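Read through the structure below, which is laid out as structure tokens, and then see the notes.
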Protein chains: 2
Amino acid sequence: MARTPVQVTEDAPKSRGDLRREAFLKAALEVFLEQGYEAASMAEIVTRAGGSLTTLYNQFGDKQGLFLAMISERAQLLTASMFVELSAHTPVEIGLTRIAEQSVTKLLEPASLELYRLILGLGAKFPDVALAFQKNGPDRVSAALAAYLTDRAEAGEIEIEDPVEAAYLFISLARAGLVTRALLNPEFRPGQDDIKASVRTCVNLFLNGVRVRPAT
Amino acid sequence: MARTPVQVTEDAPKSRGDLRREAFLKAALEVFLEQGYEAASMAEIVTRAGGSLTTLYNQFGDKQGLFLAMISERAQLLTASMFVELSAHTPVEIGLTRIAEQSVTKLLEPASLELYRLILGLGAKFPDVALAFQKNGPDRVSAALAAYLTDRAEAGEIEIEDPVEAAYLFISLARAGLVTRALLNPEFRPGQDDIKASVRTCVNLFLNGVRVRPAT
DNA sequence: GAAAGCTTGTAATCTACATTACACTTGGAT
DNA sequence: ATCCAAGTGTAATGTAGATTACAAGCTTTC
């Protein structure tokens, strides 16, 4: 077996061009996040990355090309970092807590929030980007969670009609508390403790609901 | 320098200026939603609204002034239309279902989605807008729901620790299924039936959770 | 070690607006 | 009827930024 089937982090070759490309993408990330697509300027990106405008155009064609390349690279990194392997035998409380803490923590990082904002804001322009992001990101996390929920349902621990729907709802619930607030309010910066507390509430709600039930 | 900061539905006088103002705001809404803040052009707005560039500038000062006026008017309309009066005596299933259907239906209208997208996308620029939107919109709906939940908890129907948090989570849960998907995917256009089904699932989850419990 | 092919820096081009200036018209209160 | 504030159309003005052109300077490969 030569190398891992997946991506990233090949470190050996790094030709000059590759280095340039990385620097461009990094600077592009910064500038696009700070200013938004329209307001970002190619010259500014070159200034931060070093290198020359000409090279930038040679590598990415035009502003849109650079933007798409940057977004797809980042979306990949972001969603990859949200994965958690869930053994079918992990008790459901633990499994849900782990997946929720992991993805909420990651999403609350400023860089993630801003990327998310940027993607949401794209709207009519670049409809593909948002779609691709959803397919690679949220949908894949949901799918993994759905499989896990199915296992736990078979183990008799929980009872759900549609695991995919349930998975999606759980993820949304977990994100809702903090991430949605943070999206609208840049001041709002919850710490690890807030995250744990919020996740606990969500897991509990997801499992038990709020209805009063007869004493056991 | 914009004009009077105030608002609302007085219908009698409608001077020439008021008509112009309305036309400008309507056209501004269209253009900003279609193109985003940066890409929208003042000239385009005048073309659609009729009237003259000069008048537009006289009424709103500059592009930012027009934008803020438009956003605040729209945010107000949107959130106002999301209100539902909940009597303290309505059974919790009914109350939750009504509030969820109402707000999800409203939010799924294309105009609402795009406004929401625009606001989310603002980010660093105009941090106030997003904040004001949250205060006037989501927060007020949550507050109303929280009061209702408190009533129902006192009636012994449900059991919650923090009504405000619970209200917020319920709203998020209700929106999560359809609205979040629709935000990322413009193709996704659920109908009234989908909404009802989704809300039913959410209400049920919120009340009962998914955990299997001992037979009564 | 020299040609071929990227890179670089800088300086055009070309557009697309925001914003103003101006000269003129018009609605409606006096 | 008259007058004034507000509205109109058109044409500056000025800036900003995408995209290209050009004339050199490195790197790499044969």
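In this text the structure is predicted, and so the values were computed from the model without any measurement. Below, chains carry the letters A, B, ... as their sequence lines are ordered, and counting in each starts from 1.
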Subject >> Contacts of Ala49(A) that satisfy side chain to side chain contact (heavy atoms under 4.5 Å, CB included) - sequence neighbours left out >> reply: Ala23(A), Phe24(A), Ala27(A)

**OP:** Nearest whole angstrom, please: distance from the P of dC17(C) to the CG of Asp62(B).
**Re:** 17 Å

**OP:** Enumerate the residues from residues 26-52 of chain A whose closest heavy atom to DNA chain C is under 4.0 Å, giving them by residue number; use none for an empty result.
**Re:** Gly51(A), Ser52(A)

Subject >> N/O (side chain, Arg20(A)) to phosphate O (OP1/OP2, dT8(C)) under 4.0 Å >> reply: yes

**OP:** Sequence neighbours left out, what passes side-chain hydrogen bond (donor to acceptor under 3.5 Å, both in side chains) with Glu44(B)? Give chain and number order.
**Re:** Arg48(B)

Original post:
Between Gln59(B) and dG7(D), is there a side-chain N or O to OP1/OP2 distance below 4.0 Å?
Top reply: yes

Original post:
With respect to the side chain of Tyr57(A), which nucleotide from dT7(C), dA18(D), dC22(C) is positioned closest?
Top reply: dA18(D)

Original post:
Do Ser81(B) side-chain atoms and Leu78(B) backbone N/O form a donor-acceptor pair below 3.5 Å?
Top reply: yes

Subject >> Nearest-angstrom distance from the residue atom CG of Leu56(B) to P of dG9(D) >> reply: 13 Å

**OP:** Check the distance between dC4(D)'s P and Asn58(B)'s CG and give it to me in whole angstrom.
**Re:** 19 Å

Original post:
Does Asp194(B) use its side chain to pair, donor to acceptor, with the backbone of Gly191(B) at less than 3.5 Å?
Top reply: yes

Original post:
Is a side-chain donor or acceptor of Arg140(A) paired with a backbone partner of Lys135(A) at a separation under 3.5 angstrom?
Top reply: no

Subject >> Ring geometry between Phe126(B) and Phe67(B) (parallel below 30°, tilted from 30 to 60°, perpendicular above 60°) >> reply: tilted

Original post:
Side chain of Leu53(A): nearest nucleotide among dT7(C), dT20(D), dA21(D)?
Top reply: dT20(D)

Subject >> Whole-Å gap separating C1' (dA16(C)) and NZ (Lys63(B)) >> reply: 11 Å

